[in-house]
Amino acid sequence: MQILMTGASGLVGTATRHQLLPNHEVRRLVRSTSSNRAVEDVVWDPQSGNMDRQCLEQADVVVHLAGENLGRRWNSALKQQIRDSRILGTQLLCETIAKCESPPRVLIAASAIGYYGHRGDEELIESSSPGSGFLAELVRDWEAATEPAKAGGTRVVNLRIGVVLSKDGGALKSMLLPFKLGLGGIVGNGRQFWSWIELSDLARVIEFAIQTESLSGPVNAVAPNPPTNREFTKALGRTLHRPTVFPMPAFAAKLVLGEMAQELLLASARVIPAKLTEHDFEYQHADLDEALRHALM
Ligand SMILES: NC(=O)c1ccc[n+]([C@@H]2O[C@H](COP(=O)([O-])OP(=O)(O)OC[C@H]3O[C@@H](n4cnc5c(N)ncnc54)[C@H](OP(=O)(O)O)[C@@H]3O)[C@@H](O)[C@H]2O)c1
C-alpha cells in the first residue's frame, strides 16, 4: 500500500513509520516550514490552505498525526496555534480528500482522550458523551473536521490516543528528570485516572486500524487497565528504583503550568479500549510496570 503520513517526524509518526515501512511505501506530508523536511517529502501548508491533491489520489491510506505540541505552558496565542494546527489541517486534508476522483480508502486520524474531559472514576468507552473544557471542545471539532472524508466514502478512524509512553517525548520524558533525582510524586490528590499507551503498541494499533475493515469512527487507543496517578507514580518509582515522596499539590501544578496542568495532569479520564478489545487487538505492553520498563529501555 502507499501510505501518506502527516506529522511523520513527530514522536508517534516516527514510531509508526518504522512499524509500517517493512511492508508499505510511506510518504511524508510535511509543512514547508518544517525543519525535518527531506527532498522526497510532499509539502503542504495547513495554515494557508495549500495542498497538492495528486498525492492523495495516489495514496491508499492517509495517517494524519500533525498538530502543534501541547507540552508547554499554554497562553492564548499557543492555544490558538494548538487549535488551528488541528482543525485547519484536518479540514484542508479532508476537504481535499472529498474532491479526489480516487480518494484514499482509509484515513487514520489522530484524536485524543481529551475528548472526555474530567470525569472522575466513570468508565469511558467510545460512545460516552464528550466532556467540557478547552481540550474537550477542541477534540470534538477536530473529529468533526474529518466528516468530508467520511462523506466522500473514505473509512475514517478517529484514534482517541491516551498518554503515550516513550522516553523520547511526551509526558513520560518530562517526568524522568525529577523522578530520577528522587523528587517525583503524585500530582494533586493522585486519584485522577491516567489512561496511557506504550508507543510501539500505538504504532501497532495504527497498523491494525489500517488493516481492520470493520473498524471506523472513534477508537480509544489506550491500554486496558488505566491506573490512577498514584498508581502510575508508584510504578514509575519502582521502575526507576527511586522514592516518590514529593507530591505536587494541585495549586502548585497550576501555578507552574497554568491551564495545561488542569487539563492534562489533574483531569481524570478512565478510558477503556472497548472497540480494540472487541476486535481482539493484541497488546504487547498492557501491563504498566512492564510497559514502563520497555519504554525506558
Ligand atoms: N504524544 C501523546 O501523548 C499524544 C496523546 C494524545 C494525542 N496525541 C496526538 O497524536 C498526534 C501525534 O503526536 P506526537 O506526540 O507525535 O506529536 P509531536 O511529536 O509533537 O509531532 C507532531 C507533528 O505535527 C507537525 N506539527 C507540529 N506543529 C505543527 C503545526 N503548528 N501545524 C501543523 N503541523 C504541526 C510536525 O510535523 P512536520 O514538521 O513534519 O509537519 C510534528 O512532527 C498529535 O496530533 C497529538 O495531538 C499525542
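Every number for a ligand or one of its atoms is a count from 1 in the order of the listing. For clarity, every value in this text was computed on a predicted model and none was experimentally measured.
- Other members of the hydrophobic cluster containing Leu56, listed by chain and number, are Leu4, Leu29, Val42, Trp44, Met51, Val62, Leu92, Leu93, Ile97, Leu107, Val156; membership follows side-chain contacts under 4.5 Å among ILVMFWY residues, whether direct or relayed.
- For atom 11 (C) of ligand 1, the nearest protein heavy atom (residue, atom name, distance) is Leu65 O, 3.1 Å.
- In this structure, Gly162 counts as a contact residue of ligand 1, since one of its heavy atoms falls inside 4.0 Å of the ligand.
- By the 4.0 Å N-to-carboxylate-O rule, Glu143 lies close enough to Arg160 to be salt-bridged with it.
- When each atom of ligand 1 is checked for a heavy atom of Gly7 under 4.0 Å away, the hits are 23 (C), 24 (O), 37 (O).
- Hydrophobic cluster membership differs between Tyr283 and Leu296, with clusters built from Ile, Leu, Val, Met, Phe, Trp and Tyr side chains linked at under 4.5 angstrom.
- For Ile161, no nitrogen or oxygen atom sits less than 3.5 Å from a nitrogen or oxygen atom of ligand 1, counting backbone and side chain alike.
- Of the protein's heavy atoms, Gly67 O, 3.5 Å lies nearest to atom 22 (C) of ligand 1.
- Of all the heavy atoms of Ala171, none lies under 4.0 Å from any atom of ligand 1, so neither backbone nor side chain is involved.
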- Query: Could you walk me through whether Glu147 and Lys150 pass the salt bridge (charged side-chain N to carboxylate O under 4.0 Å, His left out) check?
  - Reply: CA-CA 5 Å; Glu147 280 301 329; Lys150 251 178 246 177; 3.4 Å; yes
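- Taking every non-hydrogen atom of Trp142 and a distance limit under 4.0 Å, the qualifying atoms of ligand 1 come out as 45 (O), 47 (O).
- Among all non-hydrogen protein atoms, the one lying nearest atom 39 (O) of ligand 1 is Ser34 OG, 2.8 Å.
- The closest protein non-hydrogen atom to atom 13 (O) of ligand 1 is Val12 CG2, 3.7 Å.
- No N or O atom of Val163 sits closer than 3.5 Å to an N or O atom of ligand 1.
- Residue Gly10 has at least one nitrogen or oxygen atom sitting less than 3.5 Å from a nitrogen or oxygen atom of ligand 1, judged on distance alone.
- Of the candidates Ile87, Asn158, Leu135, Ile87 is the only one forming a side chain to side chain contact (heavy atoms under 4.5 Å, CB included) with Trp142.
- Applying side chain to side chain contact (heavy atoms under 4.5 Å, CB included) to His24 and the options Val61, Ile210, Ile3 leaves one that passes, Ile3.
- What sits closest to atom 36 (C) of ligand 1 on the protein, heavy atoms only, is Arg31 NH2, 3.6 Å.
- Neither Leu124 nor Ile197 shares a network with the other; the hydrophobic side chains, linked directly or stepwise wherever heavy atoms of I, L, V, M, F, W or Y lie under 4.5 Å apart, form separate groups for each.
- Any N or O atom pair closer than 3.5 Å counts here, and Gln81 shares no such pair with ligand 1.
- For Asn69, a nitrogen or oxygen atom sits less than 3.5 Å from a nitrogen or oxygen atom of ligand 1, counting backbone and side chain alike.
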- Message: Walk me through whether Glu213 and Arg105 qualify under salt bridge (charged side-chain N to carboxylate O under 4.0 Å, His left out).
- Response: CA-CA 10 Å; Glu213 297 289 337; Arg105 284 188 295 109; 3.6 Å; yes
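- Ser9 OG, 3.4 Å is the protein heavy atom nearest to atom 37 (O) of ligand 1.
- Atoms CD1 and OG1, on Ile186 and Thr244 in that order, are 9.0 Å from each other to the nearest 0.5 Å.
- Atom CD in Glu123 sits 4.5 Å away from atom CZ in Arg270 (nearest 0.5 Å).
- In Arg86, the part holding a heavy atom less than 4.0 Å from any atom of ligand 1 is the side chain.
- Residue contacts with ligand 1: Ala110 is placed with no nitrogen or oxygen under 3.5 Å of a nitrogen or oxygen of the ligand (distance criterion only).
- Taking atom 19 (O) of ligand 1 as the reference point, the nearest protein heavy-atom neighbour is Leu11 N, 2.9 Å.
- Atom numbering of ligand 1 starts at 1 in the shown order; those under 4.0 Å from a heavy atom of Ser111 are 7 (C).
- With rounding to the nearest 0.5 angstrom, the CG atom of Leu11 is 8.5 Å from the CG atom of Leu202.
- Side-chain heavy atoms closer than 4.5 Å link hydrophobic residues (I, L, V, M, F, W, Y) into clusters, and following such links, possibly through other members, connects Met5 to Val106.
- The salt bridge (Lys or Arg N to Asp or Glu O under 4.0 Å) test with Asp41 singles out one residue from Arg17, Arg31, Arg27, Arg28, and that residue is Arg28.
- Grouped with Leu181 in one hydrophobic cluster are Leu177, Leu183, Val245, Phe246, the linkage being side-chain heavy-atom contacts under 4.5 Å among Ile, Leu, Val, Met, Phe, Trp and Tyr residues.
- No part of Trp44 comes within 4.0 Å of ligand 1, judged by heavy-atom distances.
- In terms of protein heavy-atom proximity, atom 3 (O) of ligand 1 is closest to Val164 N, 3.0 Å.
- For ligand 1, the polar-atom distance check finds no N/O of Ser85 at less than 3.5 Å from any of the ligand's N/O atoms.
- Ligand 1 places these atoms under 4.0 Å from at least one heavy atom of Ala66: 24 (O), 34 (N), 45 (O).
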